[in-house]
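What follows is a short report on a single structure.
Note: hydrogens, waters and symmetry copies are ignored here, and every other heavy atom, side chains too, is used. All figures in this text were calculated on a predicted structure; none of them were measured in a lab.
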Amino acid sequence: ATDLVRAARAAGTDLSALAAAELCGILRVQGDRLTFPQPMARTVTYDEAPMGQRRDAHRLLAETLDPDRHRLRYAVHRAAGATDPTPAEVAELAAAASQASGPEAADALERAADLTADPDVAAARLVAAAGHAWAAGHSHRARMLLRRAHRGGELLTGEIELRAGAPASALRSLLTAATRPEQAGRAL
């Protein structure tokens, strides 16, 4: 059975209940994926659900996913389904995201940073999230994440600024990064 079918069965939901929404074009069911053709419909559906209902849905999805096959999705749903994620759950979310790529990895690392009590570890996770956003072609998002980090992202900031055609700004960031022994070679 697909992930969606397993989750529906575990919730006691018959997938035929989605037929009306699918016929209206609000959502699509394709294999084990449920997608919303209109991003606003997805946002409204999620945001309008009560917090408890969202947590229950995340817990249910985490329970139905194979953590080895879908490590990042499992970790995201497990952390989102917890009322107060444990440090181990947050560390697993960050580790799973670090091994993934793209915007999903950036989202997960940002969420892990938000749940991290240690400001240095949170900053490092935001810098890593910015690296994934940058690699996915989302330079604006990468810059935003680096600003949130407040420290540790000078090397990536320098690279972004250099490639964006701002060599003076890049120079300042790269010289700051060069003061750190572990980054000096790359920064220079």
Side-chain angles (χ1 to χ4, degrees), residues 1-118 121-122 124-138 141-142 144-145 148:
T2 66
D3 297 333
L4 179 61
V5 171
R6 278 195 309 274
R9 281 185 189 146
T13 301
D14 182 358
L15 283 180
S16 65
L18 301 176
E22 194 171 13
L23 286 172
C24 293
I26 295 171
L27 60 85
R28 281 193 197 121
V29 178
Q30 299 167 321
D32 68 346
R33 297 192 50 88
L34 184 137
T35 59
F36 291 86
Q38 300 297 321
M40 185 60 74
R42 177 180 187 239
T43 301
V44 169
T45 300
Y46 187 82
D47 290 347
E48 291 298 314
M51 179 63 76
Q53 210 173 42
R54 286 185 292 205
R55 280 201 178 111
D56 289 346
H58 284 293
R59 274 194 294 272
L60 178 65
L61 286 166
E63 290 169 10
T64 60
L65 288 170
D66 177 350
D68 295 324
R69 235 179 92 218
H70 302 289
R71 186 177 181 200
L72 180 57
R73 285 177 52 209
Y74 171 79
V76 165
H77 289 301
R78 189 166 174 218
T83 303
D84 188 20
T86 66
E89 289 170 329
V90 175
E92 173 55 26
L93 176 60
S98 295
Q99 293 181 348
S101 61
E104 297 83 12
D107 291 344
L109 279 163
E110 182 179 16
R111 179 71 179 131
D114 291 342
L115 296 169
T116 301
D118 182 328
V121 174
R125 288 176 176 163
L126 286 170
V127 171
H132 284 288
W134 171 245
H138 299 245
R141 177 132 193 266
M144 179 197 69
L145 290 164
R148 283 192 58 209

Q. Quick one: which of Gln99, Glu104, His77 gives a side chain to side chain contact (heavy atoms under 4.5 Å, CB included) with Leu72?
A. Glu104
Q. Can you check whether Val90 reaches Arg111 side chain to side chain, under 4.5 Å on heavy atoms?
A. no
**Q.** Heavy-atom closest pair, residues Arg141 and Ala133
**A.** CG-CB, 4.0 Å
Q: Mind listing the closest non-hydrogen atom pair of Ala41 and Thr45 along with its distance?
A: O-OG1, 2.7 Å
Q.
Would you say that Val44 contacts Gln38 through its side chain, given a criterion of any heavy-atom pair below 4.5 Å between the two side chains?
A. no
Q: Mark yes or no for whether Arg28, through its side chain, and Thr35, through its backbone, hold a donor-acceptor pair below 3.5 Å.
A: no
Q) So, for Asp68 and Asp66, which heavy atoms are closest and what is the spacing to 0.1 Å? A) N-OD1, 2.9 Å
Q.
To the nearest 0.5 Å, what is the distance between CZ on Arg78 and CG on Leu65?
A. 12.5 Å
**Q.** Side chain proximity check, Glu110 to Leu145, heavy atoms < 4.5 angstrom
**A.** yes
Q: Could you tell me which non-hydrogen atom of Ala97 sits nearest to which non-hydrogen atom of Ala105, and how far apart they are?
A: O-CB, 3.4 Å
Q. Can you find a heavy atom in the side chain of Glu92 that is under 4.5 Å from one in the side chain of Arg71?
A. yes
**Q.** Test side chain to side chain contact (heavy atoms under 4.5 Å, CB included) applied to Arg54 and Asp47, step by step
**A.** CA-CA 9 Å; Arg54 286 185 292 205; Asp47 290 347; 4.1 Å; yes
Q: Measure across Ala11 and Leu60 and return the closest heavy-atom pair with its distance rounded to 0.1 Å.
A: CB-CD2, 3.5 Å
Q.
Taking atom CD as the centre, does Glu22 end up with more than 12 heavy-atom neighbours from other residues, nucleotides or ligands that are less than 6.0 angstrom away?
A. yes
Q) Do you know the tightest heavy-atom contact between Ala79 and Pro85? A) O-CG, 3.5 Å
**Q.** Gap separating the OG1 atom of Thr64 from the CZ atom of Arg59, nearest 0.5 angstrom
**A.** 13.5 Å
Q: Decide if atom CZ of Arg55 counts as having more than 12 heavy atoms of other residues, nucleotides or ligands within a radius under 6.0 Å.
A: yes
Q: Report the distance from atom CZ of Arg148 to atom CG of Asp114, rounding to the nearest 0.5 Å.
A: 4.5 Å
